[in-house]
2 protein chains.
Amino acid sequence: MGPTDASASVAAVSGSPRTREDVVTAASKLFASRGFHGTSMRDLGDELGMLGSSLYSHVRGKNELLVEVIARGTRFFNGVVAEAEAAGGSAKDRLRRLVSGHVQVVVGHIDESRTFLFESRFLPAADRGRIIEMRDDYEAAYRQAIRDGIDEGSFTADIDPATTAIFILSILNALIRWYRPSGDRDADAIGAEMWAFIENGVVRSER
Amino acid sequence: MGPTDASASVAAVSGSPRTREDVVTAASKLFASRGFHGTSMRDLGDELGMLGSSLYSHVRGKNELLVEVIARGTRFFNGVVAEAEAAGGSAKDRLRRLVSGHVQVVVGHIDESRTFLFESRFLPAADRGRIIEMRDDYEAAYRQAIRDGIDEGSFTADIDPATTAIFILSILNALIRWYRPSGDRDADAIGAEMWAFIENGVVRSER
DNA sequence: CCTACCGATCGGTAGG
DNA sequence: CCTACCGATCGGTAGG
């Protein structure tokens, strides 16, 4: 066992010092795969080629790392809403942009997305409120797009915007469970399949 | 602090001895709310009004409890598939039964459902394969119902059964995230809303 | 980023 | 189901 040990991570054999960013990235990877409570500071140190105790020169504690990883996730998802709203166009276009943007975030930042969705409940009480609020806002963007779509006549009036938003986000959030980078479909293809289902369901009697 | 402490669980003040069943039920509750790695044997003992070490007269270890809780979950979900297939009728009816049955399991057994979906990845390696296989079979029942529905002409031919099965199960599985027993909709109402969305999506141009 | 620790808590056992 | 433990591991700190 030593610096050339084959089981060591790539980071462990590279000589350059780690940054706070590196630590957060490694944390997002381990929190995503083993869970927050299933990851020890020593595990995290191993991943970075250092001791668990050395991490405390980069971060104040384990909880801070969880907050940081999840904050990253929220920034990505908030960015999608901002872009979709800035793009203008019809409510239908906006909803389609929300969907494809969400897929792109998950595909591009799978570890942060997984941690955000699976580990937020372990956030320190002081930070949990902020995250829940953000998630509510995110859902509200979907509700609004659906409401506007009904007003514009492109969506049927006999759906409930709140419930429909939950269903659409259910499909989107589940992507963190089944997405595999080795799969044959890219983000655009996945987004298109989701959109077809969201628009028409399984019956698709006509368009 | 003592046997009349208001913070103690009801179980703690009842004098009758606990059964293995009681232990598994308490485990499903704590695993669901705090996660497997976030629950200690002492936490579990508190919940049942006994010491953590006393649990070992009921179960061999913490892992065994996780296996047991998840096995319960699989029995419930497998039961839905068996009933839907036994009921006969059209593929559309079968799929509708799968959906409403799944909702009923989640609403009726929320802790087992949550543990099954969130904590299965922490199963001992020896049991994980069995559970993954079961989940594949479950998904296969959906795929088959969709395929049959296309053959029977009630579902459009331009959907992919595998992908559509994932989308439908995404909506169903997300229920463990947003369902609250205090909500105003019962299992039937939730199942009906889901079914409407699955059938027609947001456009619902005609029926 | 390491050395050398700390008190607390973990899953679990022996013996009753 | 309790008493009385065990070794291992946890998050974290002081000092360099």
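Order of the sequence lines fixes the chain letters, A, B, ..., with proteins taken first and strands second; residue numbering starts at 1 for each chain. The model shown is predicted, which means the values in this text are computed figures rather than measured ones. Values below: every heavy atom of this structure, side chains too, minus hydrogens, waters and symmetry copies.
A/S40 comes within contact range of the sugar-phosphate backbone alone, with a heavy-atom separation under 4.0 Å but no base atom that close. Using a 4.0 Å heavy-atom cutoff across all strands shown, B/H37 reaches no nucleic acid atom at all.
Looking at B/D43, its side chain never comes within 3.5 Å of a backbone N or O of B/T39 through a donor-acceptor pair. Using modelled atom types, one side-chain atom of A/T25 and one backbone atom of A/E21 make a donor-acceptor pair closer than 3.5 Å. Although no hydrogens or angles enter the test, the distance criterion places no donor-acceptor pair under 3.5 Å between the side chain of A/S54 and the main chain of A/M50. Checking side-chain atoms of A/N78 against main-chain N and O of A/T74 turns up a donor-acceptor pair under 3.5 Å. Of the possible polar contacts, none joining the A/Y142 side chain to the A/T164 backbone as a donor-acceptor pair under 3.5 Å is found.
Remark on DNA chain C: of its neighbouring residues A/L51 and A/R42, the 5'-side contact belongs to A/L51, judged by nearest-heavy-atom nucleotide. Between A/S54 and B/S54, it is A/S54 whose nearest contact on DNA chain C lies nearer the 5' terminus.
In this structure A/T163 satisfies the side chain to side chain donor-acceptor pair (under 3.5 Å) test together with A/D160, B/R185, B/E193, sequence neighbours excluded. For A/R180, the side-chain contact (heavy atoms from CB on, under 4.5 Å) test picks out A/R114, A/S182, with sequence neighbours left out. Applying the ring pair (Phe, Tyr, Trp, His ring centres under 6.0 Å) test to B/H58 and every residue at least two apart in sequence or in another chain returns nothing.
Under the 30°/60° scheme for interplanar angles, the aromatic rings of B/F77 and B/H102 are found to be tilted.
First and last contacting nucleotides of DNA chain D toward chain A (any atom under 4.0 angstrom from a heavy atom, 5' to 3' order): D/dC10 to D/dT13.
Using a 4.5 Å heavy-atom threshold, the side chains of A/D127 and A/N63 count as separate.
DNA chain D contains the following stems of three or more consecutive Watson-Crick or G-U pairs, with both distances under 3.5 Å: C:1-16 with D:1-16.
The stretch residues 60-68 of chain B has no heavy atom under 4.0 angstrom from DNA chain D at all.
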